[in-house]
Amino acid sequence: MIKVDKYPTVQAVDEFARELPEEVRQSVYSASKIKTEKRVDALWRDFPDPDANRRLAGEIKQHTLEHLGDYLVAAEARLKANGAEVHWATDGDACNRIIGEILRANQCSRVVKSKSMATEEIELVPFLEKQGIEAIETDLGEYIVQIDGDHPSHIVTPIIHKNRRDIARSFEREGLGEYNDDPAVITMRARKFLRGKYLQADAGITGANFISAESGRIVLVTNEGNSRFCLAAPKIHIAVVGIEKLVPRDKDLSLFLSLLARSATGQCLSVYTEFINGPRMAEQQHGPEQMHVVFLDNRRSEVLASNCREILRCIRCGACLNVCPVYRQASGHGYREVYSGPVGAVLSPLLHGKKFPQLADLPKASSLCGACNDVCPVNIPIPTLLLRLRDKAKTEGSPAAAAGTPPMGAWSILASSPGTWKVALQAGKVMNLIPHSFLKINPAARAWTGSRDLPAFRGGAFRKWLKDRNKTANNPPQAQQ
Amino acid sequence: MSDRDSILQRVNQATQALPARTALPDYDPARAVKRTGNGADSIEAQFAAELTAVNGKFLDGWKGIASLLKQEGCTFGYCDAELHQDFIEQVPGVEVETVFERGSVDRYQFAITRAAGGIAETGTIILNDACSPYRLAALAPWVHIAVIDPAVLWQSTVEALAAIGNDTNVVWVTGPSKTADVEGIMIEGVHGPGIQACCLMAEGQA
């Protein structure tokens with residue numbers, strides 16, 4: 001994670017992007033671009049109007065959020081009826097504590113885990129390691145992140161920022177074989193190593209892509225099949241579920257699944273789509289004997305109470321990251337938190353609570369082009385939410401948000417009075433006589449002009465054009481006889 | 001106040017303060033079903049085409065199973081107990097067990113399981129605990145062959161979901177286990193089967 005100065009003159013994400021090795025930038029750019037193209041191909045090939053389905057899914061999620069209390073209670077009842085134990089955690093510490101207690105009560109010392117952004121958010125793995133519990137990430141990308149002591153840089157493809165040589169070196173260091181950077185060899189070595197871990201594990205920890213409030217059915221989606229392994233070998237299943245993950249009915253799952261895989265990777269369905277309706281039945285040979293579901297708040301209820309609640313519709317497909325011109329240049333680590341890209345620029349500052357000012361610059365890491373909204377499978381108006389958070393940052397006077405922005409106080413005074421503005425437009429032409437190097441005395445102006453050309457001041461030209469146009473419109477030339 | 005009550009209280013305060021709340025839309029679930037485009041003239045043909053499109057292998061009965069096992073050099077595996085007698089008769093020279101031993105998963109080169117159904121729209125194999133008591137069998141060996149009764153071949157994910165039942169664990173498998181985590185290069189068989197195969201056989205004829 002990068003640190004932000006107290007009074008920075010450049011946006012942190014810009015600074016990160018500037019320092020990003022060209023090789024990483026290229027790899028992030030091309031992977032994101034390919035995924036964006038696959039998404040478009042899949043959706044428009046398969047549906048006459050995929051945008052209508054996105055809007056519908058957004059409406060269903062919005063409805064669910066606006067009635068979340070009722071749906072949570074309904075889901076809890078169904079989960080219990082299905083044989084699961086339900087726990088509630090107000091924050092990350094509480095969630096980690098609950099999981100630690102479940103593991104301790106069952107004498108679990110080894111845990112395998114499938115990819116879950118919620119568990120990244122609460123730093124579950126480092127917590128378990130401190131408790132002396134071996135916790136192994138089983139998604140290939142997440143496993144590589146874990147052995148490197150790194151952080152995921154993409155919601156769906158966590159090591160989008162790494163190349164095969166980096167990974168081969170890590171595997172060699174971890175004793176998984178001599179250096180070999182063939183992706184097939186790397187993958188087969190991971191298969192062999194992780195297989196042993198699945199079979200030795202006492203518990204499997206997963207997230208959840210969806211929970212149906214109607215049936216209590218948890219849906220888990222992976223391509224690798226690692227979550228399936230986590231639920232095949234170990235005796236205990238713990239699912240960490242953000243309270244926003246509910247959908248009202250089973251029938252809604254078809255719609256959401258049809259959008260999730262296409263938006264994430266351009267597939268009609270991910271390889272493994274698992275529907276879990278409780279612990280295994282007594283007569284079954286494999287599968288967890290206990291199932292625990294931990295509902296995690298961790299400031300989601302605060303987000304629900306804010307004017308940015310629509311961000312809780314997110315189903316973590318990563319499409320907004322892939323299409324974002326800023327993400328493509330900065331990569332995920334530029335956002336300094338678990339959630340990156342446009343969704344992270346909204347969600348991360350909100351989940352920071354009172355520490356919002358530390359991440360108040362993130363809503364400015366956007367050109368507001370609107371592409372994130374256009375690709376979102378649940379139609380989240382991300383640009384609108386970014387503007388609301390920019391307003392919040394300005395109102396709260398966050399130095400991080402103001403970094404690299406020239407002071408606008410004088411402009412604000414001039415723009416508040418039409419008369420003063422008119423005079424300023426004429427007087428502003430003096431700017432053309434001042435050498436631009438003189439402007440660089442001011443640090444904020446220096447940051448602004450460092451990568452931008454200041455065009456010649458042409459104040460008043462538009463007004464004059466409009467005035468002339470109106471005059472012509474009101475007194476059209478006489479038509480020739 | 002418990003964590004549960006505190007969370008629900010905060011959630012309810014947040015939502016009750018809203019001036020208006022979005023209604024739950026009703027809709028025809030069929031809008032989530034993709035347009036058919038592979039030119040298939042039957043549900044079986046569509047399933048076969050979609051399975052092949054996701055890099056699965058569509059096999060022609062026991063003959064196809066025997067041929068795949070020979071091609072992959074498989075000499076030992078697991079076979080579902082209900083299919084065992086037919087296997088012995090139809091695929092001679094290959095040893096199988098009807099109990100999948102958790103302690104020696106890597107001994108099994110292949111597994112033949114009974115699927116709970118299939119989805120033609122996506123080429124998906126449906127497994128559940130009732131039909132496949134050993135979850136690891138369909139997951140650990142390199143070759144997995146699912147036998148599906150055409151009577152439970154569903155046209156779409158919507159139909160399959162409506163018929164999902166109450167099994168504690170249902171999994172839809174759409175192609176081989178795969179990853180593109182290393183530089184976006186697709187590699188199959190990262191955790192589960194590298195070969196995901198399927199054949200349609202009516203119950204009683206298997």
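Not measured: the values here are computed from a predicted model.
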Peer 1: Given that the side chain runs from C-beta out, which part of Pro248(A) has a heavy atom under 4.5 Å from chain B: side chain, backbone, both or neither?
Peer 2: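 Only the side chain of Pro248(A) comes within 4.5 Å of chain B.
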Peer 1: Chain B heavy atoms under 4.5 Å from Ser270(A): which part of the residue, side chain, backbone, both or neither?
Peer 2: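 Interface part for Ser270(A): backbone (N, CA, C, O).
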Peer 1: Can Glu183(B) and Ser27(A) be counted as having a side-chain donor-acceptor contact under 3.5 angstrom?
Peer 2: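 Looking only at side-chain atoms, Ser27(A) and Glu183(B) do not form any donor-acceptor pair under 3.5 Å.
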Peer 1: Can you tell me if Lys162(A) and Ser170(A) form a side-chain donor-acceptor pair at under 3.5 Å?
Peer 2: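 No pair is found: no donor N or O on one side chain lies under 3.5 Å from an acceptor on the other.
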Peer 1: Check whether the ring centres of Phe171(A) and Phe193(A) lie less than 6.0 Å apart, and answer yes or no.
Peer 2: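 When the ring centroids of Phe171(A) and Phe193(A) are compared, they turn out to be at least 6.0 Å apart.
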Peer 1: Is any NZ, NE, NH1 or NH2 atom of the basic residue among Asp28(B) and Arg31(B) found under 4.0 Å from an Asp or Glu carboxylate oxygen of the other?
Peer 2: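 The answer is no: the pair does not qualify as a salt bridge.
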Peer 1: Which of the residues Glu224(A), Gln285(A), Gln284(A), Glu274(A) is involved in the greatest number of heavy-atom pairs with chain B at under 4.5 angstrom?
Peer 2: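 Ranked by contacts with chain B, first place is Glu224(A).
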Peer 1: Side chain, backbone, both or neither: which part of Leu253(A) has an atom under 4.5 Å from a heavy atom of chain B?
Peer 2: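 Answer is both: backbone and side chain atoms of Leu253(A) are under 4.5 Å from chain B.
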Peer 1: Top residue by heavy-atom pair count (under 4.5 Å) with chain A, among Ala17(B), Gly184(B), Gly189(B)?
Peer 2: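 Greatest number of close heavy-atom pairs with chain A: Gly189(B).
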Peer 1: Taking side chain as everything from C-beta outward and backbone as N, CA, C, O, which of these in Asp166(A) sits under 4.5 Å from a heavy atom of chain B? Side chain, backbone, both or neither.
Peer 2: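 Looking at Asp166(A), nothing touches chain B.
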Peer 1: Once you round to the nearest 0.5 Å, how far does SG of Cys79(B) lie from CD of Glu95(B)?
Peer 2: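 CD of Glu95(B) is found 12.5 Å from SG of Cys79(B).
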Peer 1: Do Gln62(A) and Glu66(A) pair up side chain to side chain, a donor and an acceptor below 3.5 Å, judged on atom types alone?
Peer 2: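 Note: Gln62(A) and Glu66(A) side chains meet the donor-acceptor criterion.
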Peer 1: Before you tell me yes or no, could you show the steps for Glu72(B) and Trp142(B) under side-chain hydrogen bond (donor to acceptor under 3.5 Å, both in side chains), namely the whole-Å CA-CA distance, both residues' side-chain angles and the distance that decides it to 0.1 Å?
Peer 2: CA-CA 10 Å; Glu72(B) 293 298 319; Trp142(B) 182 255; 4.6 Å; no
Peer 1: In terms of heavy-atom proximity below 4.5 Å to chain A, should Ala30(B) be classed as side chain, backbone, both, or neither?
Peer 2: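 Ala30(B) has no heavy atom closer than 4.5 Å to chain A.
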Peer 1: With only heavy atoms counted, which part of Glu283(A) is less than 4.5 Å from chain B, the side chain, the backbone, both or neither?
Peer 2: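 No part of it gets close to chain B.
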Peer 1: Which residue out of Asn128(B), Thr179(B), Ile7(B) racks up the most heavy-atom pairs below 4.5 Å with chain A?
Peer 2: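 The option with the most such pairs is Ile7(B).
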Peer 1: Based on non-hydrogen pairs under 4.5 Å, which of Ile160(A), Leu259(A), Thr138(A) is most in contact with chain B?
Peer 2: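 If we count pairs closer than 4.5 Å to chain B, Thr138(A) comes out on top.
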Peer 1: How long is the span from the CG atom in Asn223(A) to the OG atom in Ser177(B), to the nearest 0.5 Å?
Peer 2: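 Here the interatomic distance stands at 8.5 Å.
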Peer 1: Rounded at 0.5 Å granularity, tell me how far CG in Leu255(A) sits from NZ in Lys61(A).
Peer 2: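 Answer rounded to 0.5 Å: 11.5 Å.
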Peer 1: Nearest 0.5 Å, please: how far is CD1 in Ile65(B) from SG in Cys74(B)?
Peer 2: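 Answer for the SG-CD1 pair, Cys74(B) versus Ile65(B), is 12.0 Å.
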Peer 1: Within this structure, what is the CZ-CD distance for the pair Arg10(B) and Gln13(B), rounded to the nearest 0.5 Å?
Peer 2: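 Nearest 0.5 Å value for the CZ-CD distance: 9.0 Å.
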Peer 1: Let me know if Leu72(A) has heavy atoms under 4.5 Å from chain B in its side chain, its backbone, both or neither.
Peer 2: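 Leu72(A) touches chain B through side-chain heavy atoms alone.
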Peer 1: Under 4.5 Å from any heavy atom of chain B, what part of Ser254(A) do you find: side chain, backbone, both or neither?
Peer 2: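 Backbone plus side chain of Ser254(A), per the 4.5 Å heavy-atom cut-off to chain B.
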Peer 1: Crowded around Lys38(A) NZ? As in, over 12 foreign heavy atoms under 6.0 Å?
Peer 2: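 It does not: Lys38(A) NZ has 12 such atoms or fewer within range.
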Peer 1: Is chain A contacted by the side chain of Leu136(B), its backbone, both, or neither, given a heavy-atom distance below 4.5 Å?
Peer 2: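 Answer is both: backbone and side chain atoms of Leu136(B) are under 4.5 Å from chain A.
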Peer 1: Relative to chain A, which segment of Thr157(B) carries a heavy atom at a distance below 4.5 Å: side chain, backbone, both, or neither?
Peer 2: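 It is both, since atoms from each part get that close.
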Peer 1: What residue in Ala14(B), Ala160(B), Pro176(B) has the most heavy-atom pairs under 4.5 Å with chain A?
Peer 2: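 Heavy-atom pair counts peak at Ala14(B).
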Peer 1: Sort out for me which of His87(A), Arg195(A), Glu59(A) touches chain B most, counting heavy-atom pairs under 4.5 Å.
Peer 2: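 Heavy-atom pairs under 4.5 Å are most numerous for Arg195(A).
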Peer 1: Checking heavy atoms, do the side chain of Leu8(B), its backbone, both or neither come under 4.5 Å from chain A?
Peer 2: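 Side chain only.
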Peer 1: Determine whether more than 12 heavy atoms belonging to other residues, nucleotides or ligands lie under 6.0 Å from atom NZ of Lys251(A).
Peer 2: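 Yes, enclosed.
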Peer 1: Which atoms of Pro48(A) are under 4.5 Å from chain B, going by heavy atoms: the side chain, the backbone, both sets, or neither?
Peer 2: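 When you check distances to chain B, atoms from both the backbone and side chain of Pro48(A) fall under 4.5 Å.
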Peer 1: Determine, using ring centers only, whether Tyr78(B) and Phe110(B) are less than 6.0 Å apart.
Peer 2: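 Not close enough - the centres of the two rings lie 6.0 Å or further apart.
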Peer 1: Return the option, out of Ile125(B), Leu127(B), Asn12(B), Asp106(B), with the maximum number of heavy-atom pairs under 4.5 Å with chain A.
Peer 2: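 Answer, by heavy-atom pair count under 4.5 Å with chain A: Asp106(B).
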Peer 1: Could you have a look at Leu199(A), Ile218(A), Val86(A), Asn82(A) and say which one has the most heavy-atom pairs with chain B under 4.5 angstrom?
Peer 2: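 Between Leu199(A), Ile218(A), Val86(A), Asn82(A), the count favours Leu199(A).
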Peer 1: Which bit of His154(A) is near chain B, if near means a heavy-atom gap under 4.5 Å: side chain, backbone, both or neither?
Peer 2: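 For His154(A), there is no contact with chain B at all, as no heavy atom is under 4.5 Å.
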Peer 1: Which atoms of Glu302(A) come close to chain B, meaning under 4.5 Å heavy atom to heavy atom: side chain ones, backbone ones, both, or neither?
Peer 2: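 Neither the backbone nor the side chain of Glu302(A) comes within 4.5 Å of chain B.
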Peer 1: Against chain B, work out which of Leu220(A), Thr64(A), Leu231(A), Thr265(A) has the most heavy-atom pairs shorter than 4.5 Å and name it.
Peer 2: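 Between Leu220(A), Thr64(A), Leu231(A), Thr265(A), the count favours Leu231(A).
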Peer 1: Counting only non-hydrogen atoms closer than 4.5 Å, does Arg189(A) touch chain B with its backbone (N, CA, C, O), its side chain (CB onward), both, or neither?
Peer 2: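 The answer is neither part of Arg189(A).
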Peer 1: Distance-only, no hydrogens or angles: does the Asp252(A) side chain make a donor-acceptor pair with backbone N or O of Arg249(A) under 3.5 Å?
Peer 2: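 It does hold such a pair.
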Peer 1: Report the option among Asp49(A), Leu56(A), Ile34(A), Asn226(A) that has the most heavy-atom pairs separated by less than 4.5 Å from atoms of chain B.
Peer 2: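 Maximum pair count with chain B is reached by Leu56(A).
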Peer 1: Where on Leu161(B) is there a heavy atom nearer than 4.5 Å to chain A: the side chain, the backbone, both, or neither?
Peer 2: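 Side chain of Leu161(B) only, per the 4.5 Å heavy-atom cut-off to chain A.
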Peer 1: With a 4.5 angstrom heavy-atom cut-off, could you sort out which part of Leu257(A) is near chain B: side chain, backbone, both or neither?
Peer 2: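 The answer is the side chain of Leu257(A).
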Peer 1: Heavy-atom distance under 4.5 Å to chain B: side chain of Arg45(A), backbone, both or neither?
Peer 2: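 The backbone, not the side chain.
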Peer 1: With a 4.5 angstrom heavy-atom cut-off, is it the side chain or the backbone of Ala31(A) that approaches chain B, or both, or neither?
Peer 2: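 Neither part.
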Peer 1: Nearest 0.5 Å, what's the CG-CG distance between Leu140(A) and Leu194(A)?
Peer 2: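 The distance works out to 7.5 Å.
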Peer 1: Side chain, backbone, both or neither: which part of Val105(B) has a heavy atom under 4.5 Å from chain A?
Peer 2: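 Val105(B) touches chain A through side-chain heavy atoms alone.
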Peer 1: Pick whichever of Val182(B), Thr15(B), Thr168(B) has the most heavy-atom pairs under 4.5 Å with chain A.
Peer 2: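 Highest number of heavy-atom pairs under 4.5 Å: Thr168(B).
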Peer 1: Of the listed residues (Gln196(B), His191(B), Lys34(B), Glu188(B)), which shares the most heavy-atom pairs with chain A below a 4.5 Å separation?
Peer 2: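 Highest number of pairs under 4.5 Å: His191(B).
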Peer 1: Any donor-acceptor pair under 3.5 Å linking the side-chain atoms of Arg228(A) with those of Asn169(B)?
Peer 2: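 Side chains of Asn169(B) and Arg228(A): pair found under 3.5 Å.
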Peer 1: Is there a donor in the side chain of Thr124(B) and an acceptor in the side chain of Thr174(B), or the other way round, less than 3.5 Å apart?
Peer 2: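 Thr174(B) and Thr124(B) do have a side-chain donor-acceptor pair below 3.5 Å.
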